[in-house]
Number of protein chains: 2
Amino acid sequence: MSLRHAVLGFLSLKPLTGYDLKKYFDGSVGHFWNADQAQIYRALTQLTEDGLVHVRVVPQEGRPARREHHLTDSGRAELDAWLRAPAGPQAVREPFMVQVFFAGRLPVAETTALLDARIAATRERLGVLRAIAAQSATALDAIADTDTTGTGTTASGAVPSALDRLLATATLENGIRHLTAELDWLRDLRTDLDDLHAAPARIRRRLDRAVSDGHAHHPGQDA
Amino acid sequence: MSLRHAVLGFLSLKPLTGYDLKKYFDGSVGHFWNADQAQIYRALTQLTEDGLVHVRVVPQEGRPARREHHLTDSGRAELDAWLRAPAGPQAVREPFMVQVFFAGRLPVAETTALLDARIAATRERLGVLRAIAAQSATALDAIADTDTTGTGTTASGAVPSALDRLLATATLENGIRHLTAELDWLRDLRTDLDDLHAAPARIRRRLDRAVSDGHAHHPGQDA
DNA sequence: CGCCCATATGAGACTTGTCATATATTGGAT
DNA sequence: ATCCAATATATGACAAGTCTCATATGGGCG
């Protein structure tokens, strides 16, 4: 869906090859949008067919010719229209939550182990984002800096404005906030599990009974 | 991928028809996993082919026969194995962040309008989750309560344990935390945008120059 | 010599989403 | 009385999107 538009977005900054795009994706929007190389190339092909992009082939010494993709006017129009359109509700899809939801089948020890693993992984991802934020070179700078044209014509690589920086930083911050929230949640859940587990079996049975009150008794996870 | 496993998870609670499953999905894991009816039926077909599930047809007066899907032993084994397996890194995919990232092309007023819309939508979703949490009837209870069998044999609908409740509640809480984080972030961004916009044009230009220092000047969004 | 970088393309499997449709019964509206 | 709507139940077909894997070229570098 919006892979196309992300591509258009980058091309609005400056003309790029599929190869460039792949790198920029990984380097700047990688936290919230992953793009496979094949996908990018296919998107470019389609966009070209649809007339939103046109290709200029720039021969090079030694390397394969750059197939530079430039935005056309309709491409720019399409991008702006999309940017204006309020995004529909995005489909949520969290396999890990499914695991948690049904984790009652496992012995508690295994569940806490899974949580710990998840905590570690989340902390790691958070570290990565924090590191990027700390060096504070917005991905935009990387894009503006690299003179891919070789022609000396840096006209297309405009310097990012304060607004652009703010927005780019904000997307990073968004990732950080979500990861932080996730981490907090994981730790709280971890604690709750421990508390539940710490209560000796007899009390736990009483709890179960109190809570379900009047129904048949449940097998229980005491294994 | 894990639609299959979510289905297995529900079937481990009690045997269900595709129709039941659809309702349970919507009612309990709907916040973090959306499932289309056709998808569920397709998953059931596959699971049956793979021998993880077997169907018992229960004729009914007046209604179409219930095709009850029961977990087989290998089904249970598969479910447990999956629950134990640490989830791989999930692909992030946030169209809205893409919009934000490139929103610099729009006049600031439009961007803030988009943000406001997003704030409203997020608050709404948050309200829904909070309401569910407040009535505190875990989705599990709904599943246990409904006597779908009609046979009077309530044996399969086991009462959820304290652990099960904790986990179900936790997944809800997870959604709430993330939405809250999102909301905070949106508001902060909103404020930052206002601040930037509030600075008179001359100062803003100075800011831009200070920040980019030595490069060509950027067109700017003063429209 | 062999591997990596820059650059690009293709085939095929699989997942998802969307839409349409079928049947039988109960319960309300006209 | 009759008809429509809703409920409970289930399928089929197809478009669109994604992922994965494989492959090709030609120069630079260790």
Side-chain angles (χ1 to χ4, degrees), chain A residues 1-7 15-27 30 32-50 53 55-69 88-95 98 146-150, chain B residues 1-7 15-27 30 32-50 53 55-69 88-95 98 146-150:
Chain A
M1 278 252 147
S2 36
L3 208 205
R4 292 166 62 92
H5 297 105
V7 168
L16 297 168
T17 69
Y19 188 82
D20 295 333
L21 272 168
K22 171 59 174 157
K23 280 189 308 181
Y24 289 160
F25 264 86
D26 291 351
F32 54 86
W33 196 284
N34 200 54
D36 177 78
Q37 205 186 10
Q39 274 173 252
I40 290 178
Y41 278 100
R42 251 174 306 150
L44 284 173
T45 309
Q46 277 182 215
L47 289 170
T48 308
E49 278 166 9
D50 296 352
V53 147
V55 181
R56 180 150 25 131
V57 180
V58 182
Q60 291 178 117
E61 300 277 315
R63 327 217 129 281
R66 293 174 56 79
R67 295 174 48 86
E68 271 186 359
H69 296 76
Q90 71 209 65
V92 201
R93 182 129 313 187
E94 308 263 11
V98 177
T146 326
D147 181 18
T148 25
T149 67
Chain B
M1 276 255 146
S2 36
L3 208 205
R4 291 166 64 92
H5 296 105
V7 168
L16 296 168
T17 69
Y19 188 82
D20 296 333
L21 273 168
K22 170 60 174 157
K23 280 189 308 182
Y24 290 160
F25 264 86
D26 291 350
F32 54 86
W33 196 284
N34 200 54
D36 177 78
Q37 205 186 10
Q39 273 172 254
I40 289 179
Y41 278 101
R42 253 175 306 171
L44 284 174
T45 309
Q46 277 181 213
L47 289 171
T48 307
E49 278 165 8
D50 296 353
V53 148
V55 182
R56 179 148 27 131
V57 181
V58 182
Q60 292 177 116
E61 300 277 316
R63 329 218 127 282
R66 291 175 57 77
R67 295 174 47 86
E68 271 186 359
H69 296 75
Q90 70 210 67
V92 201
R93 182 130 313 187
E94 307 262 11
V98 177
T146 326
D147 181 18
T148 23
T149 67

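We name chains A, B, ... by the order of the sequence lines, and we start the count at 1 in each one. When reading the values below, keep in mind they use all heavy atoms of this one structure, side chains included, and skip hydrogens, waters and symmetry mates.
Rounded to an integer number of Å, the gap from A/Asp50 CG to D/dA16 P is 12 Å. C/dG10 atom P lies 17 Å from atom CD1 of A/Ile40, rounded to whole Å. C/dT9 atom P lies 9 Å from atom CG of A/Leu44, rounded to whole Å. Atom CG in A/Asp26 sits about 13 Å away from atom P in C/dA6, given to the nearest Å. One can place CG of A/Asp20 at 8 Å from P of C/dA8, the figure rounded to the nearest angstrom. At whole-Å resolution of the value, OH in A/Tyr19 and P in C/dT9 are 15 Å apart. Put simply, NZ on A/Lys22 is 14 Å from C1' on C/dA6, counting in whole angstrom units. Rounded to whole Å, the distance from CZ on B/Arg67 to C1' on D/dT11 is 10 Å.
For the side chain to side chain donor-acceptor pair (under 3.5 Å) test, no residue two or more places apart in sequence or in another chain qualifies with A/Asn34. Judged as a salt bridge (Lys or Arg N to Asp or Glu O under 4.0 Å), and not counting sequence neighbours, A/Asp36 has no contacts.
Note on B/Gln39: a side-chain N or O is less than 4.0 Å away from OP1 or OP2 of C/dG17. Distances shown here put a side-chain N or O of B/Arg66 below 4.0 Å from the OP1 or OP2 atom of D/dT9. Residue B/Arg93 places none of its side-chain N or O atoms closer than 4.0 Å to OP1 or OP2 of C/dT16. The side chain of B/Tyr41 places no N or O atom within less than 4.0 Å of a non-bridging phosphate oxygen (OP1 or OP2) of D/dT11. Note on A/Thr17: every side-chain N or O is 4.0 Å or more away from OP1 and OP2 of C/dA6.
A donor-acceptor contact under 3.5 Å is formed by the side chain of B/Arg42 with the base of C/dG17.
Considering every non-hydrogen atom in both A/Ala43 and A/Leu3, the closest pair reads CB-CD1, 4.4 Å.
Counting only heavy atoms from C-beta outward, the side chains of B/Arg66 and B/Asp20 approach each other to under 4.5 Å. Looking only at side-chain heavy atoms (C-beta outward), A/Leu21 and A/Leu44 come within less than 4.5 Å of each other.
The residue among A/Asn34 and A/Gln37 whose nearest nucleotide of DNA chain D is located toward the 5' end is A/Asn34.
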